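Scope of the values below: all heavy atoms of this structure, side chains included, with no hydrogens, waters or symmetry mates. It should be emphasised that the depicted structure is a prediction, and the values quoted were computed from it without experimental measurement.
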Amino acid sequence: MDGATAMALPTTLGQTLRLTEASGSEVAWKSYDPKGQLWFSASFDLMDFKAMKTSDATISDTLSAILKAASKMNSDFLSHWKKYKVDTFLEFDRSWGLGSSSTLISCIAQWAEVSPYHLLFDTLGGSGYDVACAQADGPILYRLSEEELSIDHVEFEPEFISQLYLVYLGRKQDTKAARDHYYENRTRLNGTLEHISRISNALPDCTTLREFEKAIQEHEDIVAKCLNMPKVKDLHFSDFWGSVKSLGAWGGDFILATSEATDSDTRNYFTQKGFTTIFKLAEMMKSESHVEAEV
């Protein structure tokens, strides 16, 4: 949010949007979860994009604002008198916090042929980091400064990647609330941004697990101090033998854990703590080689 470089590992799971056109004068929207279950529906008037009917007023208000902003950026978007049937399909559980909003922004921006970053900044707000993830084919270094937005593609396939795990904590975080907390609590940033940027830039080049663990532990210490919040390992995993790093908004969503123990012992540890959604990072991480293999 303040210009530090961040390393991002986009996931293989995302969201897709399917558009069909018919006669009429509305946007008929339906959203489906990974099991094919409809979880949101609404119809929007083409004149002012207000919801004529909806299953969730809060979601439809947000979606209305995004459609309106996109139409202002591109006057041809939704300018024809017809019915637009939109179906979106999430590939991950909505509660996971893997980017349902950012992938939606990315999809709508592609449909409207506008900048996803401008669309984000004009509606939901944020750093744009998650939108960059939605559009990336592999690991990136992301930085937003007052002068520019920079995205550098990097490789991250260390020999120790099989020892990296993602564990869901079961508490989906409100991104806006987390952002507000950051602005209310950030202190003593002098030198902090440069320190975090050095860590982020060094992560892709880590050759040993020890080197990687030292870097993420250092990052945790810095952010804990800035946010005036306890580290997740101190809260839940003080007896864990590896390193633990918060991801996304602190206190919920996923953590990154390192482990030199066997896969079964590592999974058993977290399962016994009550955390049963566990992935190997390599399973979830999108990489250039993965994309080439799928093509």
**OP:** Only one of Leu63, Thr88, Asp33 passes side-chain contact (heavy atoms from CB on, under 4.5 Å) with Phe40; say which it is.
**Re:** Leu63
Subject >> Salt bridge Arg18-Asp87, side-chain N to carboxylate O under 4.0 Å >> reply: yes
Original post:
Is there a side-chain contact between Arg143 and Asp152 (heavy atoms, below 4.5 Å)?
Top reply: no
Subject >> Residues Glu91, Leu98; criterion side-chain contact (heavy atoms from CB on, under 4.5 Å); working and verdict >> reply: CA-CA 10 Å; Glu91 298 171 349; Leu98 280 185; over 6 Å; no
Subject >> Heavy-atom side-chain contact between Val27 and Leu46 under 4.5 Å >> reply: yes
**OP:** Indicate the atoms forming the closest heavy-atom contact of Asn74 with Ala112, along with that distance.
**Re:** ND2-O, 2.7 Å
Original post:
Quick one: do Lys231 and Asp221 make a salt bridge, cutoff under 4.0 Å?
Top reply: yes
Subject >> Side chain to side chain, Thr54 and Trp29, heavy atoms closer than 4.5 Å >> reply: no
Original post:
Do the side chain of Ser43 and the main chain of Lys53 share a donor and acceptor less than 3.5 angstrom apart?
Top reply: no
Original post:
Which distance, rounded to the nearest 0.5 Å, do you find between the CG of Asn268 and the NZ of Lys273?
Top reply: 13.5 Å
Original post:
Can you find a heavy atom in the side chain of Thr11 that is under 4.5 Å from one in the side chain of Lys286?
Top reply: no
**OP:** Begin with the C-alpha distance, continue with both residues' side-chain angles, and end with the deciding distance and a verdict on side-chain contact (heavy atoms from CB on, under 4.5 Å) for Tyr32 and Thr16.
**Re:** CA-CA 10 Å; Tyr32 298 89; Thr16 58; over 6 Å; no
Original post:
Are side-chain heavy atoms of Ile66 and Ile105 found at a separation under 4.5 Å?
Top reply: yes
Subject >> Over all atoms of both residues, closest heavy-atom pair of Leu149 and Tyr117 >> reply: CD1-CD2, 3.5 Å
Subject >> pair Phe237-Ile255: side-chain heavy atoms closer than 4.5 Å >> reply: yes
Original post:
Is there a donor-acceptor pair closer than 3.5 Å between any side-chain N or O of Thr266 and the backbone N or O of Thr262?
Top reply: yes
**OP:** Using the six-membered ring wherever Trp is involved, compare the ring planes of Tyr168 and Trp96 and label them parallel, tilted or perpendicular (cut-offs 30° and 60°).
**Re:** tilted
**OP:** Assess whether atom NZ of Lys50 is packed by more than 12 heavy atoms of other residues, nucleotides or ligands within 6.0 Å.
**Re:** no
Original post:
Rounded to the nearest 0.5 Å, what separation is found between the CE atom of Met7 and the CD1 atom of Ile140?
Top reply: 10.0 Å
**OP:** Might you confirm whether atom CD of Glu159 has over 12 heavy atoms from other residues, nucleotides or ligands at distances under 6.0 Å?
**Re:** no
Original post:
What is the distance from atom NZ of Lys82 to atom OG of Ser25, rounded to the nearest 0.5 Å?
Top reply: 12.5 Å
Subject >> Nearest atoms (heavy-atom pairs only) where Ser243 meets Ile216 >> reply: CB-CD1, 3.9 Å
Original post:
With no hydrogens and no angle check, is any side-chain donor or acceptor of Ser60 less than 3.5 Å from a backbone partner on Asp56?
Top reply: yes
Original post:
With side chains defined as the heavy atoms from C-beta onward, is the minimum distance between Leu164 and Phe156 less than 4.5 Å?
Top reply: yes
Subject >> Heavy-atom pair of closest approach, residues Cys107 and Gln15 >> reply: SG-O, 3.5 Å
**OP:** Answer yes if Trp241 and Leu235 sit in the same cluster of Ile, Leu, Val, Met, Phe, Trp and Tyr residues linked by side chain heavy atoms under 4.5 Å apart, and no otherwise.
**Re:** no
**OP:** To the nearest 0.5 Å, tell me how far His219 NE2 sits from Lys245 NZ.
**Re:** 4.5 Å
Subject >> Spacing of OG belonging to Ser246 relative to CG belonging to Leu227, to within rounding of 0.5 Å >> reply: 9.5 Å
**OP:** Assess whether atom CD of Glu283 is packed by more than 12 heavy atoms of other residues, nucleotides or ligands within 6.0 Å.
**Re:** yes
Original post:
Is the shortest heavy-atom distance from the side chain of Leu256 to the side chain of Leu166 under 4.5 Å?
Top reply: yes
Original post:
Is Leu19 reachable from Ile108 through a run of hydrophobic residues whose side-chain heavy atoms are each under 4.5 Å from the next?
Top reply: yes
**OP:** Show your reasoning for whether side-chain contact (heavy atoms from CB on, under 4.5 Å) applies to Asp239 and Tyr269.
**Re:** CA-CA 10 Å; Asp239 58 345; Tyr269 171 86; 2.6 Å; yes
Original post:
For Arg94 and Ser100, what are the C-alpha separation, side-chain angles and deciding distance, and is it a side-chain contact (heavy atoms from CB on, under 4.5 Å)?
Top reply: CA-CA 7 Å; Arg94 288 175 56 217; Ser100 53; 5.6 Å; no
**OP:** Quick one: sort the Tyr142 and Tyr129 rings into parallel, tilted or perpendicular, breaks at 30° and 60°.
**Re:** perpendicular
Subject >> Interatomic spacing from OG in Ser197 to CG in Leu141 - rounded to 0.5 Å >> reply: 9.5 Å
Subject >> Plane angle bin for Phe240 and Phe270 - parallel if under 30°, tilted between 30 and 60°, otherwise perpendicular >> reply: tilted
**OP:** Identify the heavy atoms of Ser102 and Ala134 that sit nearest to each other, and give their distance.
**Re:** O-CB, 4.1 Å
Subject >> Short side-chain to backbone donor-acceptor contact, Ser79 and Asp76, under 3.5 Å >> reply: yes
**OP:** Give a yes or no on whether Leu13 and Phe89 share a hydrophobic cluster (residues Ile, Leu, Val, Met, Phe, Trp, Tyr; joining criterion: side-chain heavy atoms under 4.5 Å apart).
**Re:** no
**OP:** Could you pull out the closest heavy-atom pair between Ser101 and Leu124, with the gap in Å?
**Re:** CB-CD1, 3.8 Å
Original post:
Is the Phe254 ring parallel, tilted or perpendicular to the Phe279 ring (thresholds 30°, 60°)?
Top reply: tilted
**OP:** Output every pair passing salt bridge (charged side-chain N to carboxylate O under 4.0 Å, His left out) with a member in residues 198-218, not counting sequence neighbours, ordered by first then second residue.
**Re:** Arg210-Glu213, Arg210-Glu260
